[in-house]
Amino acid sequence: MVINMLENKVAIITGGTRGIGFETVRLFLQNGAKVALFGSREETVNHALNKLKEENSNYEVIGLHPTLNNEKEIAEAFKKVYEKFGHIDILINNAGISSATPLTSYTEEELDKIININIKSVFLCSKVAVPYMKEQGNGVILNTSSMVSIYGQPSGCMYPASKFAVNGLTKSLARELASLNIRVNAVAPGITETDMVSALPKEVIEPLIKTIPLGKIGKPIDIANAFLYLASDMANYTTGEILQVDGAARS
Ligand code: NAD
């Protein structure tokens, strides 16, 4: 729904080139926000920007591709967003990768990759965002968690473990940053129709779908709507929350 819930707000959304992130970028733009989407490569960033501009040439959107485990590159990217739009109100730490690798087959390389993108990037982007938010006296940090952060998954243990860490960062930073008027929340999606899900093997996905009381997997817009609420002033008294958007799959 488009009711300009984010008029004049500036949002940075990591992993904004496709899936949940792209849908959130689009919904935020439709609701009056100015958005900087972060992606992993120039090519995919440009592709996403072109798609949005084709949809509405008035959208105020830019794209950047800092390495998300490199504090210096992140700081430079945030500076560019600030110089372009004049403030940074909302950060969504959404970029993430999943894994279904069994424990004994995990390589150290895969372990480091998951930690870097799913945990370290959340820490670093939040660290870089806070001085801007502190200066302006308010801010919102939102993280993409997962339903597997509640009860784990049968294979690929580092993916749920990384999302448990995201929940830990969400709850701890909510307390640490509350006095600065910065709210920190997470959305924990259930199985959602994106590339990430189509990359997972059938034997991981099918048993999960059977556990969903609403009887269907989610769509990226279902998750984007939750971000819209949490980013808006309607959620002014909500912080430290992990909002499960999963068709009750957890129960
Ligand atoms: P996706 O694979 O469609 O998109 C992932 C995004 O992350 C892309 O924009 C990609 O560019 C970015 N990204 C990945 N690796 C990166 C890197 N090294 N550097 C910078 N950016 C990188 O997946 P999605 O399903 O839209 O996932 C988005 C978030 O939602 C992730 O954090 C994921 O863990 C979470 N999530 C997804 C589901 C689901 O079922 N799809 C469920 C729960 C949680």
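Ligands are counted one by one from 1 in listed order, and the atoms in each one are counted from 1 as well. Throughout, numbering of the chain's residues begins at 1 and tracks the sequence. Computation of the quantities below employed the complete heavy-atom set of this structure, encompassing side-chain atoms and omitting hydrogens, waters and symmetry-equivalent molecules.
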Less than 3.5 Å apart, which donor and acceptor atoms pair up between the side chains of residues 61-69 and the rest of the protein, not counting sequence neighbours?
unit_1: Thr67; atom_1: OG1; unit_2: Glu73; atom_2: OE1; d: 2.8
unit_1: Thr67; atom_1: OG1; unit_2: Glu73; atom_2: OE2; d: 3.3

Side chain to side chain donor-acceptor pair (under 3.5 Å), that's the test. Do Asn181 and Asn138 meet it? Break it down for me. CA-CA 5 Å; Asn181 197 24; Asn138 61 69; 5.8 Å; no

Quick one: salt bridge (charged side-chain N to carboxylate O under 4.0 Å, His left out) pairs with a partner in residues 9-28, sequence neighbours left out? Lys9-Asp233, Arg18-Asp195, Glu23-Arg26, Arg26-Glu55

Tell me the ring-ring contact (aromatic ring centres under 6.0 Å, His included) pairs involving residues 94-133, sequence neighbours left out? Tyr82-Tyr132

Under 4.5 Å between side-chain heavy atoms, counting indirect links through other Ile/Leu/Val/Met/Phe/Trp/Tyr residues: same cluster for Ile13 and Ile223 or not? yes

Can you produce the list of protein nitrogen or oxygen atoms under 3.5 Å from a nitrogen or oxygen of ligand 1, alongside each distance?
unit_1: ligand 1; atom_1: 2 (O); unit_2: Arg18; atom_2: NE; d: 3.3
unit_1: ligand 1; atom_1: 2 (O); unit_2: Arg18; atom_2: NH2; d: 2.9
unit_1: ligand 1; atom_1: 3 (O); unit_2: Arg18; atom_2: NE; d: 3.2
unit_1: ligand 1; atom_1: 9 (O); unit_2: Gly15; atom_2: O; d: 3.1
unit_1: ligand 1; atom_1: 9 (O); unit_2: Thr17; atom_2: OG1; d: 2.9
unit_1: ligand 1; atom_1: 11 (O); unit_2: Thr17; atom_2: OG1; d: 3.4
unit_1: ligand 1; atom_1: 25 (O); unit_2: Thr194; atom_2: OG1; d: 2.5
unit_1: ligand 1; atom_1: 26 (O); unit_2: Ile20; atom_2: N; d: 2.9
unit_1: ligand 1; atom_1: 32 (O); unit_2: Asn94; atom_2: O; d: 2.8
unit_1: ligand 1; atom_1: 32 (O); unit_2: Lys163; atom_2: NZ; d: 2.9
unit_1: ligand 1; atom_1: 34 (O); unit_2: Tyr159; atom_2: OH; d: 2.6
unit_1: ligand 1; atom_1: 34 (O); unit_2: Lys163; atom_2: NZ; d: 3.1
unit_1: ligand 1; atom_1: 40 (O); unit_2: Thr192; atom_2: N; d: 2.8
unit_1: ligand 1; atom_1: 40 (O); unit_2: Thr192; atom_2: O; d: 3.4
unit_1: ligand 1; atom_1: 41 (N); unit_2: Thr192; atom_2: O; d: 3.2
unit_1: ligand 1; atom_1: 41 (N); unit_2: Thr194; atom_2: OG1; d: 3.0

Any idea which heavy atoms bring Met133 and Val140 closest together, and the distance? CE-O, 3.5 Å

